[in-house]
Chemist: 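Let me begin by handing over the structure; questions about it come next.
Below, chains carry the letters A, B, ... as their sequence lines are ordered, and counting in each starts from 1. Quick caveat, the model's predicted, so the values are computed rather than measured. Side-chain atoms are counted along with the backbone in the values below, which use heavy atoms only and exclude waters and symmetry mates.
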2 protein chains.
Amino acid sequence: MSVSPDILKGTIIKSRVRLARNLKGYPFRVKDPLLARDIIKNVNRAIVKCGTFNLFYTANLSNTKLEAMKEKHLISSNLIENQFGAALISQDESLSIMVNEEDVIREQCFMKGLRLFEAYKMLDKIDDEIIKNLDVAFDEKLGFLTACPTNVGTGLRASVMLFLPALTESGKIGSLENQLSSLGLTIRGLYGEGSDAEGCVYQISNEITLGSSEYDILSVVEDSVERICALERDECERLYAKNHIQTMDKARKAFGILTNAVVLSYSEFLRNIAKVKLGAMLGLIDIEDIEKLDDLIVSVRPFVLCEQFGKDLSPLDRDLVRAEVVSKQLLKLKG
Amino acid sequence: MSVSPDILKGTIIKSRVRLARNLKGYPFRVKDPLLARDIIKNVNRAIVKCGTFNLFYTANLSNTKLEAMKEKHLISSNLIENQFGAALISQDESLSIMVNEEDVIREQCFMKGLRLFEAYKMLDKIDDEIIKNLDVAFDEKLGFLTACPTNVGTGLRASVMLFLPALTESGKIGSLENQLSSLGLTIRGLYGEGSDAEGCVYQISNEITLGSSEYDILSVVEDSVERICALERDECERLYAKNHIQTMDKARKAFGILTNAVVLSYSEFLRNIAKVKLGAMLGLIDIEDIEKLDDLIVSVRPFVLCEQFGKDLSPLDRDLVRAEVVSKQLLKLKG
């Protein structure tokens with residue numbers, strides 16, 4: 001068996017671009033409720049030509065709804081903590097504009113695959129409207145001004161979410177971290193504690209926003225992601241090409257657990273879905289649409305699950321519902 | 001949920017009765033090949049009225065065949081070590097007479113369930129023929145003479161094979177061992193190392209063969225087995241009645257592993273089949289015939305598997321074939 005070039009399809013999950021903006025004459029962190037409301041209205045009006053956005057005031061949302069939005073990366077912990085915050089979210093949830101977060105405005109665009117430039121281009125249109133219609137804080141020397149100095153300059157953070165089972169298994173994430181650091185990039189596990197990424201899902205982002213152009217930042221991240229994908233592919237070849245029976249066995253047993261579970265914690269789900277996905281990418285288990293596995297990973301997160309189920313669920317009930325949803329979905333995806 | 005009284009069905013697997021006999025004027029352990037052949041022929045002739053037996057000379061059998069017979073408890077390691085040994089085995093494999101084992105003659109009878117008296121009665125007929133037709137070594141004071149002093153007297157060993165997942169989980173096998181010891185009984189794990197019984201299968205046997213009648217020995221073992229079954233049922237009630245979701249979950253995940261595995265070692269099989277069987281006994285997983293699970297536990301043992309497959313298999317090939325056989329069988333047994 002040799003590792004298929006299609007493996008890259010599953011390695012790159014999604015791209016995210018974020019811009020941080022503030023308003024001249026306003027504090028970075030607005031604490032006055034009336035002022036906060038005004039800003040929200042102004043931002044909402046500023047992007048009126050950019051399509052349909054739903055406006056959510058954090059104060060009006062249940063904890064479950066807020067946590068579900070956070071699990072989908074549409075909003076941040078920081079926004080939830082601000083009782084005067086709001087989020088403007090596009091219908092397809094590919095665009096999210098947080099208002100009164102750490103910065104007054106945080107614009108985000110998400111796209112499947114490695115499409116940082118495309119996502120940036122889409123976000124730039126919204127940013128143009130905001131700059132045109134609002135008095136955005138900008139310094140000729142520094143660039144855009146932000147609450148945290150690490151965001152000053154472009155205010156741009158470009159992130160790519162990657163699935164790296166082989167580099168995880170061979171323990172090479174640590175050395176990757178050092179190499180990326182010298183390029184001004186970070187890698188962190190997205191689920192689970194620290195670098196001990198359950199589910200083998202990581203996010204690569206730029207740390208530096210100052211002194212580089214947007215183009216340079218996006219290029220550095222994209223180039224690094226491509227290099228990491230090549231490393232992952234080599235590591236796959238090294239680890240699994242000669243052990244395809246064992247890898248197939250692990251993938252199928254994980255599939256067996258996920259399709260027969262009665263109780264399924266998110267952590268047990270992640271460990272097993274990673275094996276199923278790897279098996280599917282290597283062609284060792286029939287899953288028709290590997291991308292759908294990534295959707296499943298988001299859709300059974302604790303609060304997203306409650307949101308979809310239409311009511312709050314106790315932790316045990318979540319695990320029961322998750323087991324049912326996962327089993328049904330996986331059996332459907334199996335060719 | 002309360003534990004069904006049917007649980008006892010799965011707890012008792014099978015009964016075995018064994019009688020050790022020797023011949024007057026012959027050494028216990030025959031080392032002369034011609035003498036050994038003579039004895040085999042004489043024993044074969046002695047039981048001619050007892051039905052059809054197949055005669056196997058250990059010297060004529062492949063290692064795989066010998067090991068498979070040993071895995072089915074039809075013959076012992078001791079017999080395999082003797083190149084002049086033989087076994088007379090009934091068509092249905094419920095009767096086995098080893099010749100030139102540790103003792104010259106070892107008669108065995110196996111029956112499903114707790115049927116020591118029945119098994120003894122059947123074996124006694126064979127023993128009567130042997131005593132009638134051969135000059136069996138017997139001492140008025142001591143009873144039947146045997147190679148090992150622990151078998152002198154009745155030469156009887158009565159054993160019952162039990163499935164004890166609850167007592168295993170609660171760590172009570174150790175204290176059970178002490179209680180049984182004071183009654184002259186032993187308990188040992190049948191698969192796996194020492195008392196660490198993978199698969200939770202144990203054998204209860206008498207240690208003392210001297211100074212008690214056959215009836216007393218069989219009674220003590222049967223009574224103890226009934227008490228152990230009651231303990232197991234109580235422990236089931238205590239452990240699982242309030243945790244039926246978790247127990248169902250464990251059983252179904254184990255079922256998922258066993259029906260999806262590509263490679264399945266005997267040890268991984270045992271750990272998981274024990275969970276499936278417990279789930280089936282508690283009515284938490286649909287298995288139509290629980291007894292068939294016990295048959296499966298024997299039929300996928302390493303050498304029995306080779307025997308059924310019709311050729312020697314490497315350890316990896318055995319694990320591949322086992323995965324296939326187990327998956328097919330379990331899916332068939334599932335209602």
Side-chain angles (χ1 to χ4, degrees), chain A residues 1 240 242-280 282-287 300 313-331 333-335, chain B residues 1 240 242-280 282-287 300 313-331 333-335:
Chain A
M1 186 189 81
Y240 310 125
K242 284 175 193 156
N243 288 315
H244 77 281
I245 290 180
Q246 275 69 22
T247 310
M248 188 195 288
D249 180 58
K250 281 186 192 168
R252 301 223 174 153
K253 281 175 185 158
F255 184 86
I257 289 170
L258 294 178
T259 51
N260 285 277
V262 177
V263 187
L264 192 60
S265 72
Y266 193 64
S267 160
E268 186 177 11
F269 162 74
L270 270 181
R271 277 196 311 277
N272 285 293
I273 201 74
K275 291 178 196 165
V276 170
K277 185 176 168 184
L278 175 64
L282 294 169
L284 300 173
I285 191 166
D286 285 338
I287 296 286
V300 299
L313 296 168
S314 70
L316 174 60
D317 283 341
R318 284 203 296 256
D319 291 353
L320 289 166
V321 171
R322 183 179 296 114
E324 227 179 292
V325 170
V326 167
S327 170
K328 204 182 278 180
Q329 272 292 325
L330 279 183
L331 290 172
L333 289 176
K334 203 179 173 217
Chain B
M1 185 192 80
Y240 309 124
K242 283 175 192 153
N243 288 313
H244 76 281
I245 291 179
Q246 276 70 19
T247 310
M248 188 195 288
D249 179 57
K250 279 186 193 168
R252 301 226 174 152
K253 280 174 185 160
F255 184 87
I257 289 170
L258 294 179
T259 51
N260 285 277
V262 177
V263 187
L264 192 60
S265 71
Y266 192 64
S267 159
E268 186 177 12
F269 162 75
L270 270 181
R271 278 197 309 277
N272 286 293
I273 200 76
K275 292 178 195 164
V276 170
K277 185 176 167 183
L278 176 64
L282 295 168
L284 301 171
I285 190 166
D286 285 338
I287 296 286
V300 298
L313 297 167
S314 71
L316 175 61
D317 283 340
R318 283 202 296 255
D319 291 353
L320 290 165
V321 171
R322 184 179 295 113
E324 228 180 290
V325 169
V326 167
S327 170
K328 204 182 278 179
Q329 272 292 324
L330 279 182
L331 291 171
L333 289 177
K334 203 177 174 219

Chemist: Hey, what donor-acceptor pairs show up under 3.5 Å between chain A and chain B?
Modeler:
unit_1, atom_1, unit_2, atom_2, d
A:D249, OD1, B:V262, N, 2.8
A:D249, OD1, B:V263, N, 2.8
A:K253, NZ, B:V263, O, 2.9
A:K253, NZ, B:E268, OE1, 2.7
A:K253, NZ, B:E268, OE2, 3.2
A:V262, N, B:D249, OD1, 2.8
A:V263, N, B:D249, OD1, 2.9
A:V263, O, B:K253, NZ, 2.9
A:E268, OE1, B:K253, NZ, 2.8
A:E268, OE2, B:K253, NZ, 3.2

Chemist: Which answer fits B:I285, side chain, backbone, both or neither, if we ask what part of it has an atom under 4.5 Å from a heavy atom of chain A?
Modeler: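 Neither part.
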Chemist: Quick one: what part of B:L258 sits under 4.5 Å from any heavy atom of chain A, side chain, backbone, both or neither?
Modeler: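 Contact with chain A: none, neither part.
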Chemist: Hey, which of B:V263, B:L264, B:L316 has the most heavy atom pairs under 4.5 Å with chain A?
Modeler: B:V263
Chemist: Kindly compute the distance separating CD1 (B:I257) from CD1 (A:I257), expressed to the nearest 0.5 Å.
Modeler: 3.5 Å
